[in-house]
Amino acid sequence: MKNVLIISSSPRKNGNSEILANSFKEGALYFKNNVELVNLRDLKINYCFGCNACSTLGECIQKDDVNELMKKLLKCDVLVLATPTYFYNMSGQLKVMIDRMTACYTKIKADIYIIVSGWDNDSGNLEKVVNSIRGFTKDCLKNCPEKEVIKVGGFVETGDISNTRFVEQAFEFGKNC
Ligand SMILES: Cc1cc2nc3c(=O)[nH]c(=O)nc-3n(C[C@H](O)[C@H](O)[C@H](O)COP(=O)(O)O)c2cc1C
């Protein structure tokens with residue numbers, strides 16, 4: 001049984017990336033993994049102060065939801081990062097969360113799954129978003145192999161991605177994670 005942590009960063013309930021994140025969750029539950037989906041919009045996450053206090057304290061001095069979230073990242077075997085495309089990049093919500101992982105990121109050991117949705121169908125543009133996330137997952141996390149990526153364009157309104165093959169694909173990735 002694996003600890004599966006899914007971080008969904010869309011501010012929109014029932015957003016396209018969130019639908020994929022939820023489908024991954026359902027797939028991961030199929031084999032009775034221990035699965036948690038965290039919606040960043042439900043948490044209080046301030047910007048990183050850049051103070052570096054965490055390098056001596058081992059945790060952040062800010063009193064928001066980040067220290068609890070870091071514990072979850074340190075416990076997970078599978079980490080899924082789901083984001084809408086915002087101006088050719090990940091959402092600000094996800095970026096701010098990543099910045100706040102400074103105290104713990106060297107200790108994360110998890111298989112990585114990346115989920116990106118956008119309206120733009122251009123695969124190269126979607127890849128830019130994936131690569132921005134890889135700046136964290138690939139270049140900074142040392143024991144975290146990337147397993148699968150779902151990058152999908154053509155979806156604008158919430159729910160647009162429902163009933164597409166991508167939902168099934170996310171389920172399968174969750175099931176096989
Ligand atoms: C502020 C903002 C910026 C966006 N920028 C882009 C973009 O650069 N490229 C793109 O393909 N879609 C862009 N979109 C569209 C969303 O990425 C797209 O609708 C996505 O499916 C939303 O995911 P969600 O439903 O999970 O929130 C933008 C949307 C917003 C609100």
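For ligands, and for the atoms within them, numbers begin at 1 and follow the listed sequence. Side-chain atoms are counted along with the backbone in the values below, which use heavy atoms only and exclude waters and symmetry mates.
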Stepwise side-chain hydrogen bond (donor to acceptor under 3.5 Å, both in side chains) check, N131 with K128:
CA-CA 5 Å; N131 281 332; K128 286 180 191 167; over 6 Å; no

Under a 4.0 angstrom heavy-atom cut-off, which atoms of ligand 1 come close to D120?
10 (C), 11 (O)

Taking side chain as C-beta onward, heavy atoms only, is C76 less than 4.5 Å from K109?
no

Does N46 have any side-chain hydrogen bond (donor to acceptor under 3.5 Å, both in side chains) partners at least two apart in sequence or in another chain, and if so, which?
K44, Q62, D64

So which protein heavy atom does atom 8 (O) of ligand 1 come closest to, and at what separation?
Y88 N, 2.9 Å

Test: E18 and K13 ion pair at under 4.0 Å:
no

Flag the pair K71 and E68 as a salt bridge only when some basic side-chain nitrogen lies within less than 4.0 angstrom of an acidic carboxylate oxygen.
yes

of all protein heavy atoms, closest to atom 26 (O) of ligand 1 is S17 OG, 2.5 Å

Do K142 and T106 meet the criterion of a side-chain donor-acceptor pair at a distance under 3.5 Å?
no

Top protein contact for atom 20 (C) of ligand 1, by heavy-atom distance:
S117 OG, 3.4 Å

The one among F155, Y86, F87 that brings a heavy atom closest to atom 18 (C) of ligand 1
F155

Partner of F24 under ring pair (Phe, Tyr, Trp, His ring centres under 6.0 Å), chosen from Y113, F171, F173, F166:
Y113

Per-atom contacts, ligand 1 versus S10 - under 4.0 Å to a heavy atom
24 (P), 26 (O), 27 (O)

Which heavy atom of the protein is the closest neighbour of atom 28 (C) of ligand 1, given with residue, atom name and distance?
T85 O, 3.2 Å

Atom 15 (C) of ligand 1: the protein heavy-atom neighbour that sits closest, reported with distance to 0.1 Å
W119 CD1, 3.1 Å

I need the contact type for V156 against ligand 1. Using non-hydrogen atoms and a strict under-4.0 Å cut-off, is it side chain, backbone, both or neither?
backbone

